[in-house]
Peer 1: 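Let me give you the structure first, and then I'll get to my questions.
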Amino acid sequence: MYRILVPDAETRKAFDIISILKNAFPKIPLICGNIDGSISKQRCLRGVFQTVCETLQTDVDTLFVEDLLAICEKYRNDTIIFIPTEEKTIAHFYSFVRKYGKRNLVYILSSENVYNILRDKRRLNEFCEKNNLSAPLYYSVEEIDTLLLDQYPILLKPCIGFGSKGQYRLYKPEDFTNEIRIAVSKEPYLVQELIPNGHDVHGVFYLYYDGKMLDAYTHERIRTSPPTGGVTVLSKFTNNTELIMEGKTILDKINWNGLIMLEYLYDSKSGKYKVIEANPRIWGSIMLSEFSGKNLLTNYVRLCMGEKTISNYRQGDIYIRWLFPVDLLNYIKSLGRIQNFWCFKNTCFINWSYANKMSAIKFNFSFLFNIRNIKRFFRR
């Protein structure tokens, strides 16, 4: 018998993954991985998902490895399909495979070396430069003090990081303060040219199997929170074949395997789209893949089971929104001045669509819509 293991079950992304998979594979039991291992959190997750919940701590490599071994032993007579949710979790998964082998797990991932190249923003930039692929100009931290004024503005970001956390924008040499110097000395950083048109961001999403692209699509970012740039709260499904082929060149050269997102930013100075990062895992807007009929997540599971892939493409303009609570709080903060905010046609909703409505309500109020998150939003 097959079982599907979804780690990081407390996260909003995992909620959508679990909701999608329960709809697509109602007869296949799911295992939800509980990050902190607490009994109270496991009870809460079981109440939300109405499925098996097992301890799978992802904060510490050694704990994850032993927890995953325990899951494999408990379900030793079953084949467990591993879902690659978060980058840190996947890194721990490679540690498990090095120590214990594949056991009774099936998955679609590249080699650990390929994964580490794509995860690391500097190594990705170096790979693109070596292969004459379009990417931003980059420098080392040590070179910052030697840069000329016309080489500014620049962007400093952790080589391995998520979102805008730890990023610094320098518009002139004087912006490189002692505080920033200390911060960037604590971990590896990449220094890139800052492309001015920061809102023209396009995501390109792929499913590769046996080193070949099976399917792909793109989406265009429409609105973020905060509006100046941050997490995407409204995107439109697109099929930008030029960007798909651009990214395919990178992934073919590096011999990628599995699910991945590449992020491109349009550089008006060069007239080119430049790849700014790769997310070698399932992305936060994975629901759009299923809602559009591309079915990259569903097909990942089908391939793990040795079944044929399926597709049922939806026609017309298609959107994905993180309406509650993030975009709704955007609307409140803007005093209602967001055009077409209440237009919901052909739209799927993060942490709502595909889910049992009671489960969605429980999850949002238990894990997302809490006082700490609301305070953080209004501090922006």
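Keep in mind it's a predicted model, so treat the numbers as computed, not measured.
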Peer 1: Taking all atoms of both residues into account, what is the closest heavy-atom pair of N312 and N295, and its distance?
Peer 2: OD1-ND2, 2.9 Å

Peer 1: With a 4.0 Å cut-off, would you call E126 and R122 a salt bridge?
Peer 2: yes

Peer 1: If the condition is side chain to side chain donor-acceptor pair (under 3.5 Å), which residues does Q50 pass it with, not counting sequence neighbours?
Peer 2: none

Peer 1: Under 3.5 Å, is there a donor on one side chain and an acceptor on the other for T218 and T238?
Peer 2: yes

Peer 1: Are K121 and P158 close enough that some pair of their side-chain heavy atoms sits under 4.5 Å apart?
Peer 2: no

Peer 1: Apply salt bridge (charged side-chain N to carboxylate O under 4.0 Å, His left out) to the pair K333 and D327, showing each step before the final yes or no.
Peer 2: CA-CA 10 Å; K333 194 174 181 181; D327 208 16; over 6 Å; no

Peer 1: How are the rings of W342 and F344 set relative to one another: parallel (under 30°), tilted (30 to 60°) or perpendicular (over 60°)?
Peer 2: perpendicular

Peer 1: Would you say the side chains of N104 and D78 form a donor-acceptor pair under 3.5 Å?
Peer 2: no

Peer 1: Can you measure from CD1 (I320) to CE (M287) and round to the nearest 0.5 angstrom?
Peer 2: 6.0 Å

Peer 1: Below 4.5 Å, heavy atoms only, C-beta onward: do N23 and E290 meet side chain to side chain?
Peer 2: no

Peer 1: Return the minimal non-hydrogen interatomic distance between S19 and A355, and the atom names on each side.
Peer 2: OG-CB, 3.4 Å

Peer 1: So does K308 get a backbone contact from the side chain of R302, meaning a donor-acceptor N/O pair under 3.5 Å?
Peer 2: yes

Peer 1: Under 4.5 Å side-chain heavy-atom separation, chaining through any Ile, Leu, Val, Met, Phe, Trp or Tyr, what else clusters with Y138? Say none if it is isolated.
Peer 2: L190

Peer 1: Which residues pass the side-chain contact (heavy atoms from CB on, under 4.5 Å) test with I182, sequence neighbours left out?
Peer 2: K186

Peer 1: With a 4.0 Å cut-off, would you call E263 and R221 a salt bridge?
Peer 2: yes

Peer 1: Taking the side chain as every heavy atom from C-beta outward, state whether I254 and I117 have any pair of such atoms under 4.5 Å apart.
Peer 2: yes

Peer 1: Answer with yes or no after comparing the ring centroid distance for Y319 and F237 against a 6.0 Å cut-off, counting only values under it.
Peer 2: no

Peer 1: As a quick check of understanding, evaluate side chain to side chain donor-acceptor pair (under 3.5 Å) for S334 and R337, giving each step before the final call.
Peer 2: CA-CA 5 Å; S334 71; R337 293 191 297 266; over 6 Å; no

Peer 1: K212: what forms a side-chain contact (heavy atoms from CB on, under 4.5 Å) with it, not counting sequence neighbours?
Peer 2: none

Peer 1: If I take atom CG from residue L118 and atom CG from residue L251, how far apart are they, to the nearest 0.5 angstrom?
Peer 2: 7.0 Å

Peer 1: Quick check: do E246 and K274 have side-chain heavy atoms less than 4.5 Å from each other?
Peer 2: no

Peer 1: Which of parallel (below 30°), tilted (30 to 60°) and perpendicular (above 60°) describes Y273 and H202?
Peer 2: perpendicular

Peer 1: Which value, rounded to the nearest 0.5 Å, describes the distance between K130 atom NZ and N125 atom CG?
Peer 2: 14.5 Å

Peer 1: Is there a donor-acceptor pair under 3.5 Å between the side chain of Y354 and the backbone N or O of F291?
Peer 2: yes

Peer 1: Remaining members of L156's ILVMFWY cluster at a side-chain heavy-atom cut-off under 4.5 Å?
Peer 2: L137, Y139, V141, I144, L147, Y152, I154, Y168, L170, F176, I180, V184, Y189, V191

Peer 1: Output all residues satisfying side-chain contact (heavy atoms from CB on, under 4.5 Å) with A24, sequence neighbours left out; order by chain, then residue number.
Peer 2: T298

Peer 1: Report yes or no: do F205 and I222 belong to one cluster of Ile/Leu/Val/Met/Phe/Trp/Tyr joined by side chain heavy-atom distances under 4.5 Å?
Peer 2: no

Peer 1: Sequence neighbours left out, what passes ring pair (Phe, Tyr, Trp, His ring centres under 6.0 Å) with Y94? Give chain and number order.
Peer 2: Y115

Peer 1: State plainly whether the residues D61 and K99 are in salt-bridge range, i.e. N to O under 4.0 Å.
Peer 2: no

Peer 1: Does the side chain of N279 reach to within under 4.5 Å of the side chain of I260, using non-hydrogen atoms?
Peer 2: no

Peer 1: Looking only at side-chain N and O atoms, does Y209 offer a donor or acceptor that is under 3.5 Å from a partner on N299?
Peer 2: no

Peer 1: Can a side-chain donor-acceptor contact be found between R43 and S40 if the only test is distance below 3.5 angstrom?
Peer 2: no

Peer 1: Are I80 and V106 packed together at the side-chain level, in the sense that at least one heavy-atom pair is separated by less than 4.5 angstrom?
Peer 2: no

Peer 1: For the residue pair F49 and F15, categorise the inter-ring angle as parallel (less than 30°), tilted (30 to 60°) or perpendicular (more than 60°).
Peer 2: tilted

Peer 1: Return the set of residues passing salt bridge (Lys or Arg N to Asp or Glu O under 4.0 Å) with K172 (not counting sequence neighbours), or none when no residue passes.
Peer 2: D175

Peer 1: Do you know which two heavy atoms are closest between L109 and P84, and how far apart they sit?
Peer 2: CD2-CB, 4.1 Å

Peer 1: Under a 3.5 Å distance rule, please check whether S110 uses its side chain to pair with a backbone N or O of N257 as donor and acceptor.
Peer 2: yes

Peer 1: Say whether N34 and E54, considering side chains only, have a donor N or O and an acceptor N or O under 3.5 Å apart.
Peer 2: no

Peer 1: Mark yes or no: R223 above the aromatic ring of F341, with NZ or CZ under 6.0 Å from the six-membered ring centre and no more than 45 degrees from the axis.
Peer 2: no

Peer 1: If I take atom CZ from residue F363 and atom CG from residue L45, how far apart are they, to the nearest 0.5 angstrom?
Peer 2: 8.5 Å

Peer 1: For I35, which fellow cluster members are found when Ile, Leu, Val, Met, Phe, Trp and Tyr are connected by side-chain heavy-atom distances below 4.5 angstrom, either directly or through intermediates?
Peer 2: none

Peer 1: Taking the six-membered ring for Trp, are the ring centroids of F64 and F93 within less than 6.0 Å of each other?
Peer 2: no

Peer 1: Test of understanding: with side chain to side chain donor-acceptor pair (under 3.5 Å), list the residues that count as partners of D215, not counting sequence neighbours.
Peer 2: K294, Y313

Peer 1: Taking a hydrophobic cluster as the set of Ile, Leu, Val, Met, Phe, Trp and Tyr residues connected by side-chain heavy atoms closer than 4.5 Å, whether directly or through intermediates, do L234 and I350 fall within one such cluster?
Peer 2: no

Peer 1: Side chain of K13, backbone of I282: donor and acceptor closer than 3.5 Å?
Peer 2: yes

Peer 1: Check the surroundings of atom CE in M305: do more than 12 heavy atoms from other residues, nucleotides or ligands lie under 6.0 Å from it?
Peer 2: yes

Peer 1: Do the side-chain N and O atoms of E66 and Y100 include a donor-acceptor pair separated by under 3.5 angstrom?
Peer 2: yes

Peer 1: How long is the span from the CG atom in N255 to the OG atom in S111, to the nearest 0.5 Å?
Peer 2: 7.5 Å

Peer 1: Kindly say whether N116 contributes a backbone atom to a donor-acceptor pair with the side chain of D120 at under 3.5 angstrom?
Peer 2: no

Peer 1: Can you find a side-chain donor-acceptor pair between E143 and S140 that sits under 3.5 Å?
Peer 2: yes

Peer 1: Go through the structure and list residues passing side chain to side chain donor-acceptor pair (under 3.5 Å) with T85, not counting sequence neighbours.
Peer 2: D8

Peer 1: Looking only at heavy atoms, which two atoms of L303 and L214 are closest? And how far apart?
Peer 2: CD1-CD1, 3.5 Å

Peer 1: Identify the heavy atoms of C128 and I250 that sit nearest to each other, and give their distance.
Peer 2: SG-CD1, 4.0 Å

Peer 1: What closest approach, in Å, do P280 and E87 show between heavy atoms, and which atom pair accounts for it?
Peer 2: CD-OE2, 3.6 Å

Peer 1: State plainly whether one hydrophobic cluster holds both V52 and L69, where clusters connect Ile, Leu, Val, Met, Phe, Trp and Tyr through side-chain heavy atoms under 4.5 angstrom apart.
Peer 2: yes

Peer 1: For E220 and S235, which I'm curious about, is there any donor-acceptor pair between the side chains at under 3.5 Å?
Peer 2: no

Peer 1: Are K236 and H219 side-chain neighbours, meaning at least one heavy-atom pair lies under 4.5 Å?
Peer 2: no

Peer 1: Given side chains that start at C-beta, do those of Y206 and I244 come closer than 4.5 Å, heavy atoms only?
Peer 2: yes

Peer 1: Validate the cation-pi geometry between R321 and W352: distance from NZ or CZ to the six-membered ring centre under 6.0 Å, angle to the ring axis within 45°.
Peer 2: no

Peer 1: List the residues meeting side-chain contact (heavy atoms from CB on, under 4.5 Å) with K88, not counting sequence neighbours, and say none if there are none.
Peer 2: D59, H92, R119

